[in-house]
Amino acid sequence: MSVRTFVKGSTYWIKLDNAKRANSLTTKMYDDVCRGLDEANDHPSTTFTAITGDGKFYSAGNDFTPAEWNTKHAASKDLEIGPFRMGRRIIDHDKLEFVKVEERHTHPITMTQILLGLVNGPAFGIAATTLALMDYVVCADTSYFSTPFSLVGVTPEGGSSGTFPSIMGISRVSGN
């Protein structure tokens, strides 16, 4: 389970490579995506940054296996790792400002490339919600999206409480 990055033509590719677990995102994978976004931003010969999944799924969202979300391990994690940092990096792409997090200033990441979400299959949770933060999203015929936050008792993530109403309208987002 990892994230592969490579350059092909004028595109910097970030590929989620955890196909055995439907590309569910581990903390290490979040860090790798963030590192890939930084590298893409600094790459001199690319115009586009594309994020896609390996296999039949774009991503099943967060990896909720006991090994990944062990309470003792999770309690020691810095708030700036994992999904929070990935979301911030994608949001920073849109040049929004952020405040201090645990006495650390976030540093803005200004993407110079066009950020593409190439959805090759189902996208769940944060994988679906962060697509709204990208410049363009292209989906395969087999793609569908699920944001089951209220079903599993967690708050919406990936900025979706702000991006979904602005994209889809209040009535669609609230289910009316």
Side-chain angles (χ1 to χ4, degrees), residues 1-9 11-43 46 48-93 109 111 113-160 163:
M1 66 184 97
S2 66
V3 173
R4 289 185 287 141
T5 60
F6 56 95
V7 175
K8 187 173 183 181
T11 304
Y12 188 98
W13 289 84
I14 299 173
K15 193 166 197 174
L16 307 175
D17 189 10
N18 189 7
K20 289 183 180 179
R21 298 203 39 80
N23 293 324
S24 58
L25 297 161
T26 65
T27 301
K28 182 185 178 319
M29 289 175 71
Y30 278 116
D31 291 341
D32 291 346
V33 169
C34 292
R35 197 170 8 269
L37 289 170
D38 287 342
E39 289 171 7
N41 188 49
D42 294 335
H43 200 280
T46 58
F48 303 98
T49 300
I51 300 177
T52 192
D54 188 40
K56 294 180 180 181
F57 277 75
Y58 175 71
S59 176
N62 284 320
D63 185 346
F64 288 109
T65 59
E68 182 63 23
W69 292 97
N70 176 306
T71 307
K72 184 176 178 183
H73 178 67
S76 67
K77 291 181 182 177
D78 180 344
L79 285 175
E80 278 294 299
I81 65 171
F84 303 104
R85 188 166 74 174
M86 182 179 135
R88 180 180 55 80
R89 293 287 172 88
I90 293 172
I91 291 169
D92 282 351
H93 163 71
I109 306 300
M111 294 293 292
Q113 290 85 10
I114 297 167
L115 189 56
L116 307 171
L118 303 180
V119 185
N120 56 307
F124 292 89
I126 195 167
T129 59
T130 54
L131 290 169
L133 302 171
M134 299 189 187
D135 294 315
Y136 296 97
V137 177
V138 180
C139 302
D141 291 341
T142 58
S143 300
Y144 61 91
F145 307 92
S146 178
T147 54
F149 305 118
S150 60
L151 294 174
V152 295
V154 298
T155 58
E157 56 193 3
S160 61
T163 58

Practice task
Let me see the working for Leu115 and Leu37 under side chain to side chain contact (heavy atoms under 4.5 Å, CB included), right down to the final yes or no.
Solution key: CA-CA 9 Å; Leu115 189 56; Leu37 289 170; 4.0 Å; yes

Handout entry: Lys8 vs Thr11 side-chain heavy atoms within contact, under 4.5 Å
Key = no

Problem - Polar side-chain atom of Ser59 near backbone of Asn23 as donor-acceptor pair, under 3.5 Å - result: yes

Completion exercise
Sequence neighbours excluded, the answer for side chain to side chain contact (heavy atoms under 4.5 Å, CB included) partners of Asn120 is Thr52, Tyr58

Exercise for the section: Please report the closest heavy-atom contact between Lys15 and Gly53, naming both atoms and the distance. Expected result: CE-O, 3.7 Å

Exercise for the section: Indicate yes or no for a side-chain donor-acceptor contact from Asn18 to the backbone of Ser24 under 3.5 Å, with no hydrogens or angles considered. Expected result: yes

Exercise for the section: For residues Gly121 and Val119, report the shortest heavy-atom separation together with the two atoms involved. Expected result: O-CG1, 3.1 Å

Completion exercise
Thr5 and Gly36 have their tightest heavy-atom pair at CG2-CA, 4.2 Å

Practice task
Decide yes or no for Leu16 and Asp54: does some side-chain heavy atom of the first lie under 4.5 Å from some side-chain heavy atom of the second?
Solution key: no

Fill in the blank from the handout: Applied to residues 121-144, the ring-ring contact (aromatic ring centres under 6.0 Å, His included) test, sequence neighbours excluded, yields Phe124-Tyr144

Practice task
Indicate yes or no for a side-chain donor-acceptor contact from Asp135 to the backbone of Leu116 under 3.5 Å, with no hydrogens or angles considered.
Solution key: no

Practice task
Using the test side chain to side chain donor-acceptor pair (under 3.5 Å), find all partners of Thr147 that sit at least two apart in sequence or belong to another chain.
Solution key: none

Completion exercise
Output for pair (Phe48 CZ, Leu118 CG), nearest 0.5 Å, gives 10.5 Å

Exercise for the section: Mind checking side chain to side chain contact (heavy atoms under 4.5 Å, CB included) for Thr46 and listing every partner two or more places apart, or none if nothing turns up? Expected result: Val7, Tyr12, His43, Gln113

Exercise for the section: Give the minimum heavy-atom separation between Ser2 and Met29, together with the two atoms involved. Expected result: O-CE, 3.6 Å

Practice task
State plainly whether the residues Asp31 and Arg35 are in salt-bridge range, i.e. N to O under 4.0 Å.
Solution key: no

Fill in the blank from the handout: Contacts of Ala22 meeting side chain to side chain contact (heavy atoms under 4.5 Å, CB included) (sequence neighbours excluded), chain-then-number -> Phe57, Ala60

